[in-house]
Amino acid sequence: MAEKLRIYGGTHLHGVVTVNGGKNAALAIIPAVLLAGEPCTIENLPNVNDINALEDILQSLGAIVSRTENSMTIDPRRINSTVVSEAFASRLRASYYFVGAMLGVYGKADVALPGGCAIGARPIDQHIKGFEALGATVSTDDGHIVADANGGLVGSEIYLDMPSVGATINIMLAAASAKGNTTIVNVAKEPHIVDLANFLNAMGGWVKGAGTDTIRIRGGRPMHGCTYAIIPDQIETGTLMIAAAATRGDVLIRGALPTHMEALTAKLLEMGAKVDEGIGEDSIRVRAEGVLRHVNIKTQPYPGFPTDLQQPMSALLSTAKGTSVINETLFENRHRHLDELRKMGGISSVEDNRRIATIEGVPALHGASVTATDLRAGAALVIAGLMADGITDIYDIKYIDRGYEHLEQKLCALGAIIERMSADE
Ligand code: UD1
């Protein structure tokens, strides 16, 4: 049954909230369990639909999976298939990480092209280039990524044309099982790349340099099962920080890593919000009152401003004093939610082949019926609904449920008034 969120806007968020484990880290680490060849337990997992989709893929391959709300034990020893059908792969982007993992461990993979948010063309040429450099044959005919290791992957030197998160992860997964040494240059430096490297090392792998431009891997080492806890979710942390500022609230976010949030923190400070990092503990306090100033944002790979936070940020900027410009450099289709914000009184225009959005701050937004077009667009609309006068109904919240655990419950505990109800009501 389709559901919607009904938000009664105008409340100020106050209190303490705890961040869940990183979705994008979990999406890389769960397929990596195949490399252990033994059971692994992953803790601090977010309880979101993307993780459910990975669980279904693992079970379809023959893995034994047991689950609590925030942990998953995966036994890969009975895996008897290397095929992920379209019905499973289309549910999320990260399904393609099974290509890297299975290619290394089982020597072949046949995974339907991935789904995920429609935020741009999202080519996979860098993933394929990496697999081929390791000695694999890869085709993408008939909507499937079909890869064959031709008797075994061999370590190599790989230069990425851009620091792609997905290609970095996929090549790390394959190279960890390849014979010999691999160097990957111009890699992504996002926190979940470091988390994956730590997990591979916890299983007995040898991965150095994660978090810098170059990752070195000694492949083919014997791996073993382990228990591993995922890092806090950078994007959920950022979403809550923005929501606190947007509602002119005062929120202490616990379980967060302030060093992952520096680009956002800098922008919130520039706007006039107050951001305090917890001393001696992993927490961030965000406070704001009165009118906030406009800022310009350019999305960049980490440690630049995350593309995943520009959409939530655009909601906050809708009522900032002055004109803000958001330059989206990574994905060409990531301003569609501005059409929805316009229904709430937001003023914006998008130019330069859909990359550059100009947002004119208005004194206030008003409630309206709006539709989420992707995950972070959904988060932007929730923030807009919290800020708006009156009632906002958000449809297609399946996108929000893909990546945020109990978002409305967390916000309600901070004083928001949000109901989840049938979309027909
Ligand atoms: C990941 C995140 C997503 C985030 C994005 C950027 C996951 C599951 N998703 O997506 O939330 O918005 O990083 O931080 O972790 N590109 C190519 N060829 C390739 C691969 C990428 O041209 O082979 C381009 C893309 O079109 C894009 C840019 O590189 O312009 C960055 O994409 P990438 O970092 O790969 O993003 P994802 O891994 O898809």
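When a ligand or atom number is given, it counts from 1 through the structure's own listing order. Everything numeric here is computed off the predicted structure, so don't read it as measured data. One-based numbering along the sequence shown.
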Which of the numbered atoms in ligand 1 are below 4.0 angstrom from a heavy atom of [X]?
{"X": "G166", "value": "35 (O), 38 (O)"}
{"X": "Q126", "value": "18 (N), 19 (C), 23 (O)"}
{"X": "H192", "value": "15 (O)"}
{"X": "H127", "value": "23 (O)"}
{"X": "Y96", "value": "38 (O), 39 (O)"}
{"X": "R122", "value": "10 (O), 26 (O), 37 (P), 39 (O)"}

How does A94 reach ligand 1, if at all, at less than 4.0 Å between non-hydrogen atoms: by side chain, backbone, both, or neither? neither
Proximity to ligand 1 by part of D308, non-hydrogen separation under 4.0 Å: side chain
Ligand 1 N/O within reach of [X] N/O, cut-off under 3.5 Å:
{"X": "L330", "value": "yes"}
{"X": "K23", "value": "no"}
{"X": "P123", "value": "yes"}
{"X": "L27", "value": "no"}
{"X": "F331", "value": "no"}
{"X": "T307", "value": "no"}

Does CZ belonging to R254 count more than 12 external heavy atoms closer than 6.0 Å? no
Has D142 got more than 12 heavy atoms of other residues, nucleotides or ligands less than 6.0 Å from its CG? no
Any side-chain heavy atom of [X] within less than 4.5 Å of one from [Y]?
{"X": "D213", "Y": "K189", "value": "yes"}
{"X": "I74", "Y": "E55", "value": "no"}
{"X": "K108", "Y": "V83", "value": "no"}

Please determine whether any non-hydrogen atom of R334 lies less than 4.0 Å from an atom of ligand 1. yes
Minimal heavy-atom distance between D195 and I29, with the atoms involved, is OD2-CD1, 3.5 Å
Check for a donor-acceptor pair, side chain of E328 on one end and backbone N or O of L330 on the other, with a separation under 3.5 Å. yes
Counting distance only, does the side-chain N/O of S95 pair as donor-acceptor with the main-chain N or O of A89 below 3.5 Å? yes
Between Y302 and H260, how do the two ring planes meet: parallel, tilted or perpendicular, split at 30° and 60°? perpendicular
Would you be so kind as to tabulate the donor-acceptor pairs closer than 3.5 Å made by side chains of residues 174-188, with sequence neighbours excluded?
unit_1, atom_1, unit_2, atom_2, d
T182, OG1, S156, N, 3.2
N186, ND2, L160, O, 2.8

